[in-house]
Each structure stands twice: as C-alpha cells, then as structure tokens.
Protein chains: 4
Amino acid sequence: MTEKQQSIVNSALKLFADKGFDAVPTSAIAKDAGVSEGLIFRHFQNKVGLLNAIMQMGKEKIADNVSEILALNTPEARVTAIMEIPFYIAEEDYPFWKLVYSLKWQNDYYDDEMSKPMKDILISALVEMKYIDAESEADLILSYLDGFATTILLKGEVVDKNKLLQTLRKKYK
Amino acid sequence: MTEKQQSIVNSALKLFADKGFDAVPTSAIAKDAGVSEGLIFRHFQNKVGLLNAIMQMGKEKIADNVSEILALNTPEARVTAIMEIPFYIAEEDYPFWKLVYSLKWQNDYYDDEMSKPMKDILISALVEMKYIDAESEADLILSYLDGFATTILLKGEVVDKNKLLQTLRKKYK
Amino acid sequence: MTEKQQSIVNSALKLFADKGFDAVPTSAIAKDAGVSEGLIFRHFQNKVGLLNAIMQMGKEKIADNVSEILALNTPEARVTAIMEIPFYIAEEDYPFWKLVYSLKWQNDYYDDEMSKPMKDILISALVEMKYIDAESEADLILSYLDGFATTILLKGEVVDKNKLLQTLRKKYK
Amino acid sequence: MTEKQQSIVNSALKLFADKGFDAVPTSAIAKDAGVSEGLIFRHFQNKVGLLNAIMQMGKEKIADNVSEILALNTPEARVTAIMEIPFYIAEEDYPFWKLVYSLKWQNDYYDDEMSKPMKDILISALVEMKYIDAESEADLILSYLDGFATTILLKGEVVDKNKLLQTLRKKYK
DNA sequence: GATGAATGAGAATTCATTCAT
DNA sequence: AATGAATGAATTCTCATTCAT
C-alpha cells in the first residue's frame with residue numbers, strides 16, 4: 001500500500017467513524033487525505049470498496065486478538081479476556097471500532113464476521129467450564145462486551161475506564 | 001398532528017431505524033408514507049426537523065418509563081428494573097430505540113438527554129444501597145443496559161430474549 | 001376591495017419593490033399580509049395577476065399626474081414639470097415606482113404604458129416651442145427623468161433631494 | 001479559467017441581463033452553456049458565487065474605464081467623459097451593464113462599488129472648476145449618467161443614440 | 001370569503017463516479 | 001500513479017397553485 005493509499009484509508013476511517021459511512025462524501029475524504037478525488041476510485045473502485053478495504057485491515061487486527069486469547073491456558077481466563085476486550089482497545093484503534101459499531105446498526109454483514117469467532121471461543125470455553133446453557137451464557141457475555149464497548153468508545157472522556165474495570169472485576173472476583 | 005403527518009413520522013422512523021438517517025432519502029419516506037415529498041418540508045421544515053420531531057415524541061415515552069421506575073419501592077427493585085429495561089421494550093418501540101442507538105454513533109446530541117435521568121436514579125439508588133463507588137457502579141449497570149439493548153434490538157430474532165433474561169437473573173439472584 | 005385584499009396588495013408591493021418580483025414567494029406575501037396563502041389566488045388568480053392589479057392601481061395615479069401636467073398653461077411649464085416629476089413623488093409612492101423601475105429591466109410590457117403618455121406630451125410641447133428635433137429633445141428629457149428617478153428612489157437617504165433640484169433649476173434658469 | 005467555465009459565465013451573464021438573476025434557473029444556464037448543471041456548482045459554489053464571479057470580472061473593466069478618464073488633461077474633459085460614458089459602452093458590454101442596473105433595484109451591494117470611484121473623480125474635477133456645491137453638481141451628473149444608461153441599455157434599438165448625444169452636446173457646448 | 005393541508009413540478013445543490021491528460 | 005475537469009443521477013428543498021372544508 002502506497003503512502004497515498006494509506007492516507008486515504010486513514011482519512012476515510014476517521015471520517016466514517018465520526019460521522020457515519022453514509023454521511024461522508026468521497027470529496028471530504030479526498031480533501032482530508034490531501035489527494036485528488038479520482039485517486040480514491042483508482043485504488044478502491046468505489047466507496048464501498050474503500051469501506052471493505054478498511055474492514056479487511058481491521059479483521060487482521062481481530063485475528064491477532066483471537067490468537068492471543070486462544071493462547072490462554074484456562075477457559076476462565078479466556079472468558080474473562082473476551083469480556084474485557086473493550087478495556088484493552090488501544091486509543092488508536094477507537095475509530096475502527098466506532099465504525100464497526102456504527103455499521104452494526106445498519107448492516108449485519110460485517111457484524112457477524114467480527115463477533116462469530118469470539119462467540120465460538122466463548123461457547124467452547126463455557127462448555128469446558130460445565131455450564132449447562134453455554135449459548136445463553138455466551139450471549140450474555142457478548143452483551144456485556146457490547147455494552148462496555150459502547151461506554152468506552154462513546155463516553156471515553158467522561159467515564160473512568162480503569163475504575164469501571166475495577167468495579168467489574170470485583171463482581172467476578 | 002394530522003393523519004398524513006403521522007404517516008410521515010411512522011415511515012421515517014421505520015426507514016431511519018432500518019437504514020440509518022443519512023441513508024434514507026426524503027423521497028423514500030414520502031413514497032412509503034403515501035404523501036408528496038413537499039409535504040415533509042411543509043410540516044417539518046427539513047429532514048433534520050423530521051428527525052427532531054421523532055425524537056421529541058420518543059422522549060415523552062422515555063419520561064413515562066422514568067416515572068414508572070421511580071414508583072418502585074426499594075432501591076434494589078429500581079436498579080434491577082433499569083438494568084432490565086431492554087428486555088421489556090415493546091416490539092413496536094424497537095424502531096425508535098434502534099434509531100436512538102444508531103444515532104449515538106454519529107451524533108451525541110440526543111444521547112445525553114436519554115440516559116441522564118436513568119443515571120441519576122441509579123446513583124441515588126446505589127447510594128441508598130451503601131455502595132462505596134456509586135458512580136462507577138452506575139456506569140457499569142448502564143453499560144450492561146446498552147449491551148442488552150444492542151443484543152435485543154439487533155439480534156432479536158436470533159437470540160432467545162427470555163432465556164437470556166433468566167441467565168442474567170440467576171447471576172443477580 | 002376588501003381590507004384583506006388591500007393588505008395583500010400592500011405587502012406584495014412592499015416586498016416586490018424591495019427584493020424584486022421573482023425573488024418574492026407568495027408565501028412571504030401571505031405571511032406579511034397576515035392572510036392565508038390561498039386567499040391570494042382566490043382574489044388575484046395567480047402571482048402575475050397580483051402584479052397586474054398593483055400596476056393597474058399605479059396607472060390610475062399616473063393618469064392623475066398626466067392631467068395635472070396637461071393643465072399647465074405654457075409648454076415650458078409642462079416640460080419642466082415632467083422633468084422634475086421624480087422630485088415630487090410622495091414617499092409613500094416610492095415602492096410603486098421602485099417596482100416600475102425594477103421591472104423595466106426585465107420586462108418591457110409595463111414600461112411603455114408608463115412612459116408613453118409623458119413622451120407624447122413632451123413632443124407636442126417641444127414642437128410648440130419650435131424645437132427642430134423634438135423627438136431627440138424629448139428622449140433627452142426622459143433620460144434625465146429616469147436618471148433623477150434612479151437617484152431619488154435608490155439613494156433617497158444619501159442624496160439631498162432639494163439641493164439637487166436647486167442645482168438642476170439653476171441650469172434651466 | 002477553462003473554456004467551459006468561460007462558457008458558463010457568458011451564458012449566465014446573457015441570461016441574467018435578459019431576465020434577471022432570480023428568474024434564471026441554473027438548469028437554463030447549463031443548457032445554454034452546453035455543460036452539465038453540476039459543473040456550475042463545482043466551479044462557482046452556488047448561484048450567487050456565479051454572480052459574484054461575473055461582477056468581479058466586470059469591476060476590472062470598470063477599473064480600466066476609470067484610469068482612461070483620469071488620464072484626461074482638463075477637469076472639463078473628465079466631467080464630460082463621465083457624463084457621456086453610457087454613449088461609449090461597447091455593445092458587447094451591454095449585458096454586463098444591464099445586469100448591474102437591474103441588480104441596483106434589489107440589491108445595493110454592488111452599486112456603491114461601481115459608482116464610488118466615478119463620484120470621487122467628479123467631485124475633484126468640479127472643485128478644480130470652482131463649483132461652489134461640487135457634491136450636488138456631481139450627484140446631478142451621476143443622475144444624468146444613470147438616465148442615459150437607462151435609455152441606451154433599454155431602448156438601444158428604438159432611440160437614436162448618436163442623435164441623442166448630439167442633442168446633449170449642444171446643451172453643454 | 002377564508003383557511004390551511006396538500007400537491008407536483010421544478011430549482012438549487014450534492015455526490016459517486018468517469019475520463020482525458 | 002495522480003490530477004482535476006466533467007458528468008448525470010439523486011437529493012434536499014421551494015414554490016405557485018389547487019382543493020376540501
């Protein structure tokens with residue numbers, strides 16, 4: 001990926017995360033990226049192609065996450081790690097996650113791809129832990145995860161993330 | 001509000017919730033509502049005015065919710081009721097809540113107004129219950145709430161809501 | 001003409017004179033006149049009909065002017081009177097004349113009707129005064145008239161009308 | 001300025017001069033100019049931006065006029081030259097001046113900028129010529145100028161411009 | 001006579017996308 | 001690869017006009 005390509009992706013990600021995919025004209029992306037509008041289409045075919053490229057890059061990050069979690073020894077550790085994912089998102093990755101969460105509400109395409117691997121890991125961990133209704137238990141934990149993500153990504157400046165994590169951990173001693 | 005005005009609001013709410021505010025042209029709303037496009041602007045000034053009207057109507061619903069919860073006797077009951085709100089949203093109100101949640105991600109204007117009263121109730125209930133860090137505790141519960149809302153509104157057809165609630169309650173017996 | 005009809009005409013005249021016929025929506029007229037938009041069409045058929053009604057009323061005023069001038073004894077007095085017409089327009093008639101002058105530039109329909117009688121009087125007066133090229137002389141005087149009208153109607157607050165008239169008269173002792 | 005940009009400006013000037021700014025849709029300009037409607041907005045932002053561009057180009061023409069007049073040796077020559085400006089407007093510049101004069105009547109924004117330099121030259125010439133009330137004298141001459149412009153631009157085909165100028169000069173021999 | 005809801009045509013503007021250079 | 005002019009379809013919004021009450 002050339003420097004300009006990267007610049008387009010960065011600008012698009014920032015703007016999409018901020019205003020939503022549909023609210024961002026390609027002209028705004030080109031301007032922010034300091035390139036001509038035509039270049040976006042030469043590199044990414046069309047606006048959706050640009051979105052796909054962004055999501056593709058994100059998925060690779062997620063794959064890394066998944067393997068880290070799989071590397072944990074106990075099922076308990078794996079479950080906890082998943083639930084606490086939002087607390088460990090690097091600030092530089094906030095735009096990507098904001099975009100993922102905003103797309104959830106309009107488009108189920110990306111969502112499944114993102115959460116499916118986590119759900120699979122969760123269920124097998126919970127089965128290993130002898131939970132009777134592992135699926136419902138998994139859904140509950142994924143709900144927590146979504147809730148924490150929502151809070152952290154949207155109220156990052158208002159809510160004390162670390163205190164929140166502490167409070168959470170006390171419950172799950 | 002005339003019949004046609006109501007029809008516009010209904011169609012807009014449905015479409016906004018489904019595709020997102022920015023992805024719905026006013027022509028689509030008019031068509032769905034069976035009115036001329038101009039009428040939207042005559043009644044609501046502009047597209048944002050229409051959105052505002054929808055949100056205004058929703059806020060009244062929320063106010064009702066708030067007073068119901070305040071009517072509960074014990075702080076424990078109030079806390080539980082808030083956390084479980086998403087499980088009790090009527091299906092006919094799903095579009096409104098989907099819209100609220102989707103707007104959160106591009107526009108924090110409405111959000112504060114929505115969650116502020118709940119947070120206030122939570123904090124005073126938690127103080128009454130002698131929690132040391134009531135604020136963090138409240139944030140945690142509101143995070144749960146957002147997570148449950150996300151799951152129920154988005155995966156309503158895939159996830160068994162009642163089972164999920166049962167699983168949740170077992171934890172907070 | 002009923003009170004509301006008069007109110008419509010007044011508002012329309014004021015707004016047309018100020019912003020130009022094409023720049024004034026009928027909705028603005030209705031609002032300013034304090035009547036419903038439909039009423040304009042009931043009384044005047046359409047927007048052009050309203051303009052015609054205004055111009056018709058103005059023409060009657062002009063006819064009065066014409067007879068006053070015809071009543072003057074000497075041809076010199078008549079010529080002078082015509083040239084000085086703009087200096088004697090009542091302030092309340094400014095909007096009407098501004099409208100006439102603004103329409104000149106888009107629409108030759110009204111202009112002829114307004115200036116034709118004056119030109120006829122001028123020519124016969126000038127013939128009587130033994131001018132060789134009465135027509136050119138008349139055009140020159142009508143040009144003066146237009147110039148004074150332009151100055152007085154547009155720069156009424158900036159230019160001292162009376163001083164200007166004095167200066168003019170010194171030339172034509 | 002590209003060829004198409006120039007074509008837009010030409011068409012707009014012609015149509016605005018003819019029918020008035022508010023009466024000309026951008027679609028008509030695009031059609032006349034043989035370009036897509038969108039191009040107008042890409043180059044000039046909006047309809048008013050197009051008008052501004054036209055006026056800006058015209059002001060440069062005026063500046064040329066002003067310097068020519070300033071180059072004249074005697075104050076008498078300068079005064080006469082200003083008064084006679086309308087007689088020397090090139091036919092190709094008629095549309096621009098028609099536009100200026102038609103805008104005067106709804107919008108005084110441009111007017112001052114146009115006539116101010118002329119008034120300044122006039123006053124200093126008249127002072128040099130020992131006129132007691134130079135300002136009023138200047139206003140009178142500017143009124144003449146406006147009158148001649150009105151006649152020539154609007155009745156150019158009906159009135160004999162040269163004869164009129166002759167008649168005028170006889171007065172000011 | 002009077003209102004105000006409603007319409008439909010059209011006007012200004014936006015925007016994804018193409019294309020010559 | 002990169003630009004920027006250009007397009008055409010859509011989109012938001014306006015406005016004269018009609019019509020039921």
Side-chain angles (χ1 to χ4, degrees), chain A residues 1-5 7-8 21-31 33-50, chain B residues 1-5 7-8 22-30 33-50, chain C residues 1-5 7-8 21-31 33-50, chain D residues 1-5 7-8 22-30 33-50:
Chain A
M1 188 137 73
T2 74
E3 198 184 333
K4 296 213 167 187
Q5 246 166 316
S7 173
I8 291 169
F21 177 77
D22 290 299
V24 178
T26 52
S27 60
I29 298 168
K31 199 175 178 185
V35 302
S36 70
E37 215 175 332
L39 197 60
I40 293 173
F41 294 87
R42 162 162 278 275
H43 284 313
F44 303 98
Q45 259 94 254
N46 52 41
K47 200 181 163 188
V48 170
L50 175 54
Chain B
M1 189 134 75
T2 73
E3 199 184 331
K4 298 220 168 185
Q5 236 167 321
S7 173
I8 290 168
D22 291 298
V24 177
T26 51
S27 59
I29 298 168
V35 302
S36 69
E37 204 175 342
L39 195 59
I40 293 173
F41 296 90
R42 174 160 273 272
H43 284 311
F44 302 100
Q45 252 93 258
N46 51 41
K47 204 182 158 187
V48 169
L50 174 54
Chain C
M1 189 138 73
T2 73
E3 198 184 333
K4 296 213 168 188
Q5 245 165 319
S7 173
I8 291 169
F21 178 76
D22 291 299
V24 178
T26 51
S27 59
I29 298 168
K31 199 174 178 184
V35 302
S36 71
E37 216 175 332
L39 196 59
I40 293 173
F41 293 87
R42 160 163 280 275
H43 284 312
F44 303 97
Q45 258 94 255
N46 53 39
K47 201 182 163 188
V48 170
L50 175 54
Chain D
M1 190 134 75
T2 74
E3 200 183 331
K4 298 220 167 186
Q5 236 167 318
S7 173
I8 291 169
D22 291 299
V24 178
T26 52
S27 60
I29 298 168
V35 302
S36 69
E37 205 176 341
L39 195 58
I40 293 173
F41 296 89
R42 174 160 273 272
H43 284 311
F44 303 99
Q45 250 94 258
N46 52 41
K47 204 182 160 189
V48 170
L50 174 54

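Labels below follow one simple rule: chain letters A, B, ... track the order of the sequence lines, proteins then strands, and each chain is numbered from 1. Both backbone and side-chain heavy atoms feed into the values below; hydrogens, waters and symmetry mates do not.
- Regarding Ile8(D), its CD1 atom lies at a distance of 14 Å from the P atom of dA12(E), rounded to whole Å.
- Nearest approach of His43(B) to Thr2(B), heavy atoms of both residues: NE2-OG1, 4.5 Å.
- The CD-C1' distance, from Gln5(D) to dA5(F), rounds to 9 Å in whole Å.
- Using a 4.5 Å heavy-atom threshold, the side chains of Leu50(B) and Thr26(B) count as separate.
- Of all nucleotides listed (dT12(F), dT7(F), dT3(E)), dT3(E) comes nearest to the side chain of Leu39(C).
- Place Phe21(C) and Gly34(D) on DNA chain F by their nearest nucleotides, and Gly34(D) ends up nearer the 5' end.
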Tabulate protein N/O versus nucleotide N/O from nucleotides 17-21 of chain F, keeping only pairs under 3.5 Å, one per line.
unit_1, atom_1, unit_2, atom_2, d
dT17(F), OP2, Lys47(C), N, 2.9

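- Here the P atom of nucleotide dA16(E) and the CZ atom of Phe44(A) are 15 Å apart, to the nearest Å.
- Counting all heavy atoms, side chain and backbone alike, Ala33(A) lies closest to Ser7(A) at O-OG, 2.9 Å.
- Smallest separation of non-hydrogen atoms from Gly49(A) and Asn46(A): N-OD1, 2.8 Å.
- Summarising the geometry, the separation between CD1 on Ile29(B) and P on dA10(F) is reported as 17 Å, rounded to the nearest angstrom.
- Rounding to the nearest 0.5 Å places CD of Gln5(A) at 10.5 Å from CZ of Arg42(A).
- When the side chain to side chain contact (heavy atoms under 4.5 Å, CB included) test is applied to Ser27(A), the partners found at least two apart in sequence or on another chain are Pro25(A), Glu37(A).
- Phe44(A) and Ile8(A) make their closest contact through CE1-CG2, 3.7 Å (heavy atoms, listed as atom of the first residue, atom of the second, distance).
- Whole-Å rounding puts the Ile40(B) CD1 to dA6(E) P distance at 12 Å.
- Rounded to whole Å, the distance from CE on Met1(A) to P on dA1(F) is 13 Å.
- Along DNA chain E, the nucleotide closest to His43(B) and the one closest to Val24(D) are compared, and the more 5′ of them pairs with His43(B).
- Nearest heavy atoms, Lys4(D) versus Leu39(D): CB-CD2, 3.9 Å.
- Counting only heavy atoms from C-beta outward, the side chains of Val48(A) and Phe21(A) approach each other to under 4.5 Å.
- Rounded to an integer number of Å, the gap from NZ of Lys4(B) to C1' of dA5(E) is 9 Å.
- For dA5(F), the OP1/OP2 oxygens have no side-chain nitrogen or oxygen of Ser36(A) closer than 4.0 Å.
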Inset, instruction - Give the dot-bracket string for DNA chain E, reading 5' to 3', where a pair is Watson-Crick or G-U wobble with both distances under 3.5 Å, ( ) marks pairs inside the strand, [ ] marks pairs crossing earlier ones, | marks a partner on another strand, and . marks unpaired. - result: .||||||||||||||||||||
